[in-house]
Amino acid sequence: MPELPEVEVTRRSFADKIVSATIMEVRMGKPLRWPLGASAHSLVGRQVVAVRRRGKYLLLDLDEGLLLLHLGMSGSLNFAPSQVPPGPHDHMDLVTNHGVLRLHDPRRFGAVVWAPSEASPQAQKLLGHLGVEPLDGQFDLAVFAKALKKRQAAIKQVLLAGHDVVGVGNIYASESLFMAGIRPTTRASRLSGPRVAKLHAAIVQVLSRAVQQGGSSLKDFVNAEGRTGYFQLEAAVYGRAGAPCRVCATPIRSLLQGQRTTFYCPTCQKP
DNA sequence: CCATATACCTGGCAGC
DNA sequence: TGCTGCCAGGTATATG
């Protein structure tokens with residue numbers, strides 16, 4: 001489900017409400033991808049200082065330590081004023097004096113991990129290798145171009161790896177490459193300077209637009225207020241195999257790259 | 001170091 | 001209907 005836009009939209013939908021709240025109780029459900037790394041009881045009394053995002057991780061800064069939240073493939077958060085009995089797929093409740101932050105995640109690829117600081121080994125194991133943030137002004141074209149020159153893999157897979165730029169998942173990789181006119185199978189190292197510049201701009205534009213639209217709700221994504229996103233309605237290629245390209249009417253094609261489906265227009269996107 | 005495959009888990013859907 | 005197989009927004013880890 002959640003790529004950078006969905007995680008950012010989720011962050012904005014509850015950050016103001018939970019900041020300065022005190023944790024009263026933590027309830028963990030079925031196991032998630034990783035253990036919490038602390039006893040639930042030890043979090044009681046901690047205060048939420050800020051809610052940040054790094055790549056597809058949400059960081060809840062506490063007055064002592066922080067919580068790293070990941071939504072995996074099927075996760076969503078909900079922030080509600082009062083507690084409702086948890087359903088079978090609700091695997092964490094962070095009960096605060098401002099309301100309850102609940103993680104709903106049927107596939108349980110998501111995670112909630114406590115770390116003593118962002119610089120700690122626990123946090124760095126998850127965040128340490130992440131590439132640059134695309135939307136915070138630090139996404140430098142020259143640095144990006146230099147990084148791509150070293151990558152021999154297909155550009156789609158380089159984007160998904162998140163080592164050079166974070167937040168671009170399966171939907172937005174296909175969409176960005178369409179906007180840039182680049183075939184997803186092209187080796188990253190072979191892209192010309194102008195084409196890398198187009199891709200750089202396309203990534204920023206696609207992700208920004210998706211945030212504006214509340215993310216993509218392909219199936220079940222909702223923000224912490226329960227609202228769906230609308231970007232899927234304007235997807236150019238994702239999920240549109242066989243349908244006519246919105247630019248040239250050529251049927252959109254799909255292929256597998258590293259076990260993930262990629263969508264592209266064979267006419268608009270050049271190798 | 002680099003690139004690719006695997007594992008984790010549940011639900012929905014197409015096809016028989 | 002009910003079964004089977006496949007697919008799904010991610011990513012650390014293992015393997016070549």
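Every chain is numbered from 1 and lettered A, B, ... according to where its sequence line falls, protein lines coming before strand lines.
- Contacts of A/N223 classified as side-chain hydrogen bond (donor to acceptor under 3.5 Å, both in side chains), with partners at least two apart in sequence or in another chain: none.
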Pick out the pairs of N or O atoms, protein on one side and nucleotides 2-4 of chain B on the other, that lie under 3.5 Å.
{"residue": "B/dA3", "atom": "OP1", "partner": "A/Q152", "partner atom": "N", "Å": "2.6"}
{"residue": "B/dA3", "atom": "OP1", "partner": "A/A153", "partner atom": "N", "Å": "3.3"}

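- The side-chain hydrogen bond (donor to acceptor under 3.5 Å, both in side chains) check on A/E64 picks up nothing, with sequence neighbours excluded.
- When the side-chain hydrogen bond (donor to acceptor under 3.5 Å, both in side chains) test is applied to A/D63, the partners found at least two apart in sequence or on another chain are A/R46.
- For A/F79, there are no ring-ring contact (aromatic ring centres under 6.0 Å, His included) partners, not counting sequence neighbours.
- Using P as the reference atom, C/dT11 and B/dG11 are 22 Å apart when rounded to the nearest Å.
- Taking the P atom of each, B/dA5 and C/dC7 are spaced 15 Å apart, rounded to whole Å.
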> Where each pair must be Watson-Crick or G-U wobble with both distances under 3.5 Å, what dot-bracket representation of DNA chain B is obtained, with crossing pairs in [ ] and other-strand partners as |?
Replying inline: .|||||||.|||||||
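- The distance between atom CZ of A/F263 and atom C1' of C/dG9, rounded to the nearest whole Å, is 12 Å.
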Enumerate donor-acceptor pairs with a distance under 3.5 Å from any side-chain N or O in residues 110-122 of chain A to protein atoms, sequence neighbours excluded.
{"residue": "A/S117", "atom": "OG", "partner": "A/A119", "partner atom": "N", "Å": "3.3"}
{"residue": "A/S117", "atom": "OG", "partner": "A/S120", "partner atom": "N", "Å": "3.1"}
{"residue": "A/E118", "atom": "OE1", "partner": "A/R52", "partner atom": "NH1", "Å": "3.0"}
{"residue": "A/E118", "atom": "OE1", "partner": "A/R52", "partner atom": "NH2", "Å": "2.9"}
{"residue": "A/S120", "atom": "OG", "partner": "A/S117", "partner atom": "O", "Å": "2.6"}
{"residue": "A/S120", "atom": "OG", "partner": "A/A123", "partner atom": "N", "Å": "3.4"}

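- Under the rule for a ring-ring contact (aromatic ring centres under 6.0 Å, His included), A/H91 has no partner lying at least two apart in sequence or in another chain.
- The listed nucleotides are C/dC7, B/dG12, C/dG10; the one nearest the side chain of A/K219 is B/dG12.
- What you find for A/L4 and A/V166 is that their closest heavy atoms are CD1-O, 4.1 Å.
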>> What does the B/S/- profile of nucleotides 11-16 of chain C look like, 5' to 3', with a 4.0 Å heavy-atom cutoff to protein?
In response: BBS---
Solution key, residues 241-256 of chain A side-chain donor-acceptor pairs under 3.5 Å, sequence neighbours excluded:
{"residue": "A/R246", "atom": "NE", "partner": "A/A235", "partner atom": "O", "Å": "3.2"}
{"residue": "A/R246", "atom": "NH2", "partner": "A/A235", "partner atom": "O", "Å": "2.8"}
{"residue": "A/T250", "atom": "OG1", "partner": "A/T267", "partner atom": "OG1", "Å": "2.8"}

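- With sequence neighbours left out, the side-chain hydrogen bond (donor to acceptor under 3.5 Å, both in side chains) criterion links A/K56 to no other residue.
- Dashed line: the shortest gap from a side-chain N or O of A/H89 to OP1 or OP2 of B/dC9 is not under 4.0 Å.
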Which atom pairs, donor and acceptor, lie under 3.5 Å between side-chain atoms of residues 20-31 of chain A and protein residues at least two apart or in another chain?
{"residue": "A/R27", "atom": "NE", "partner": "A/D93", "partner atom": "OD2", "Å": "3.4"}
{"residue": "A/R27", "atom": "NH2", "partner": "A/D90", "partner atom": "O", "Å": "3.1"}

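- The residue A/Y238 sits close only to the backbone: its heavy atoms come under 4.0 Å of sugar-phosphate atoms, none of a base.
- OP1 or OP2 of C/dG9 has not a single side-chain nitrogen or oxygen of A/S74 nearer than 4.0 Å.
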